[in-house]
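Just so we're clear, the structure is a prediction, and the values are computed from it rather than from any experiment.
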Amino acid sequence: MSGGGTRTPRASRVAETHAALMSAAERLYAEHGLAAVSNRQIGEAAGQGNVTAVSYHFGGRPGLVRAIMARHGEAVDRIRQRYLDGMGGSRDVRDWVDCLVRPVPEYLGSLGVPSWHARFAVQVMTDPMMRALVTDEALVRTTLSQTLDGLGGCLRTLPAEARAERGSMARHLIIHTCAERERALAEGNAPLHASWEHTADALSDAITGLLTAPVTTHRNRDRDRDLDRDRLEDTAS
């Protein structure tokens, strides 16, 4: 038995295998999509002779995806905690948006070039089953839930429906903007923004504007719907 928390040789080998499988899967999924990559391909790319390595170590694709997202999520959590520690009792929407947004590009910038996580996250979030799986788990993460609670407290005048809609928009904006920059860097093209810090600034600006924009009233929506119907009738006549 090992003492003092030292890993046994077998535990070290298992940890290395886990890391190799996660790294290979993240790259392949980012490049080709979840549905196009088999567990066998992941095992081969990770240098594993056992074609059932993914099933053996992670129970299958969902367990592997969860493990990859959790590994990165824990790193983002540590950065977000630093922002939370500096929040004090702020009631400023922009402060809470920064706390939500900035840890993601800051973490991605620490991964070097090329990295795969932002593009992998896009693939996960466009797969209905995987999106539900990782979103449910992300929402119970302490730093994210505290951030969303703080942000929600600043947006109490915004109708619940609008908060939910804009929250979904903000999530897509963060994920896809970061993925596009990551792709541009990996391909050696002109990056979308000058730096990951600039990406964070641009996202925070845009999402603050998104969350604080006026809400179209039901009266206006009904009017617009009536106008659309009238146009269709005019076109058909």
Side-chain angles (χ1 to χ4, degrees), residues 18-34 37 42 45 64-87 94-127 130-131 133-135 137-139 141-148 151 167-211:
H18 281 192
L21 289 168
M22 286 192 286
S23 294
E26 184 172 52
R27 175 177 60 80
L28 291 172
Y29 287 149
E31 291 180 325
H32 305 293
L34 299 182
V37 178
I42 293 169
L64 176 57
V65 168
R66 288 171 65 181
I68 296 169
M69 293 297 285
R71 180 182 66 177
H72 291 290
E74 289 165 2
V76 173
D77 279 348
R78 289 190 288 271
I79 298 172
R80 184 169 284 122
Q81 185 62 60
R82 192 179 75 238
Y83 282 88
L84 283 169
D85 290 343
M87 287 298 290
R94 176 56 186 256
D95 288 343
W96 286 103
V97 170
D98 281 345
C99 193
L100 174 68
V101 171
R102 302 189 76 88
V104 178
E106 182 175 331
Y107 172 65
L108 291 170
S110 74
L111 297 179
V113 179
S115 61
W116 312 98
H117 179 57
R119 287 171 286 169
F120 165 72
V122 166
Q123 299 293 343
V124 171
M125 298 307 289
T126 53
D127 181 284
M130 294 299 181
R131 180 178 68 244
L133 183 71
V134 301
T135 299
E137 292 190 355
L139 290 175
R141 303 185 79 89
T142 302
T143 62
L144 182 58
S145 62
Q146 288 177 347
T147 300
L148 294 176
L151 185 56
S168 178
M169 293 175 190
R171 182 176 67 247
H172 286 290
L173 186 59
I174 295 168
I175 293 171
H176 285 276
T177 299
C178 288
E180 285 304 307
R181 173 167 170 75
E182 183 183 68
R183 184 187 308 280
L185 288 171
E187 293 175 352
N189 299 326
L192 184 61
H193 299 117
S195 65
W196 282 111
E197 183 177 4
H198 184 89
T199 301
D201 290 339
L203 282 170
S204 289
D205 289 343
I207 291 172
T208 300
L210 170 66
L211 295 177

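- Considering every non-hydrogen atom in both Leu144 and Ala138, the closest pair reads CD2-O, 3.4 Å.
- Interatomic distance, CZ of Arg102 versus CD1 of Ile79, reported as 11.5 Å (0.5 Å rounding).
- Separation of atoms CD (Gln123) and CG (Leu28) is listed at 11.5 Å; rounding is to 0.5 Å.
- Counting heavy atoms from C-beta on, the side chains of Leu211 and Val97 come closer than 4.5 Å.
- When all heavy atoms of Cys178 and Leu108 are compared, the closest pair comes out as CB-CD1, 3.5 Å.
- With rounding to the nearest 0.5 angstrom, the CG atom of Leu84 is 4.0 Å from the OG1 atom of Thr147.
- Every side chain to side chain contact (heavy atoms under 4.5 Å, CB included) that Ala67 has, sequence neighbours left out, goes to Met22, Phe58.
- Taken to the nearest 0.5 Å, the CG atom of Leu185 stands 6.5 Å off from the CH2 atom of Trp196.
- Shown here are the side chain to side chain contact (heavy atoms under 4.5 Å, CB included) partners of Ser23, two or more places apart in sequence or in another chain: Arg71.
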(request) Might you work through the side chain to side chain contact (heavy atoms under 4.5 Å, CB included) test for Leu100 and Tyr83, ending with a clear yes or no? (result) CA-CA 9 Å; Leu100 174 68; Tyr83 282 88; over 6 Å; no

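- Listed by first and then second residue, the side-chain hydrogen bond (donor to acceptor under 3.5 Å, both in side chains) pairs involving residues 172-184 are Ser115-Glu182, Arg119-Glu182 (not counting sequence neighbours).
- By the ring pair (Phe, Tyr, Trp, His ring centres under 6.0 Å) test, His198 pairs with His193, sequence neighbours left out.
- Residue Glu197 places its CD atom among 12 or fewer non-hydrogen atoms of other residues, nucleotides or ligands, all under 6.0 Å distant.
- Ala24 and Ile42 make their closest contact through CB-O, 3.9 Å (heavy atoms, listed as atom of the first residue, atom of the second, distance).
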(message) Please determine whether side chain to side chain contact (heavy atoms under 4.5 Å, CB included) holds for the pair Glu26 and Met69, giving the CA-CA distance in whole Å, both sets of side-chain angles, and the decisive distance to 0.1 Å.
(response) CA-CA 9 Å; Glu26 184 172 52; Met69 293 297 285; over 6 Å; no

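- The CE atom of Met125 sits 4.5 Å away from atom CZ of Arg171, with the distance rounded to the nearest 0.5 Å.
- What you find for Ala70 and Arg141 is that their closest heavy atoms are O-NH2, 4.0 Å.
- Thr143 is not listed as a side-chain neighbour of Val76, based on a closest heavy-atom distance of 4.5 Å or more.
- For the salt bridge (charged side-chain N to carboxylate O under 4.0 Å, His left out) condition, the pairs that include at least one residue of residues 78-87, sequence neighbours left out, are Arg82-Glu106.
- Atom CG in Leu203 sits 11.0 Å away from atom CD1 in Ile175 (nearest 0.5 Å).
- The ring pair (Phe, Tyr, Trp, His ring centres under 6.0 Å) search around Tyr107 returns His72, not counting sequence neighbours.
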(message) Between Leu64 and Tyr29, does the side chain to side chain contact (heavy atoms under 4.5 Å, CB included) criterion hold? Intermediate values first, please.
(response) CA-CA 11 Å; Leu64 176 57; Tyr29 287 149; 4.0 Å; yes

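- Considering all non-hydrogen atoms of both residues, Asp201 and Arg94 come closest at O-NH2, 4.0 Å.
- Counting all heavy atoms, side chain and backbone alike, Val124 lies closest to Met130 at O-CB, 3.8 Å.
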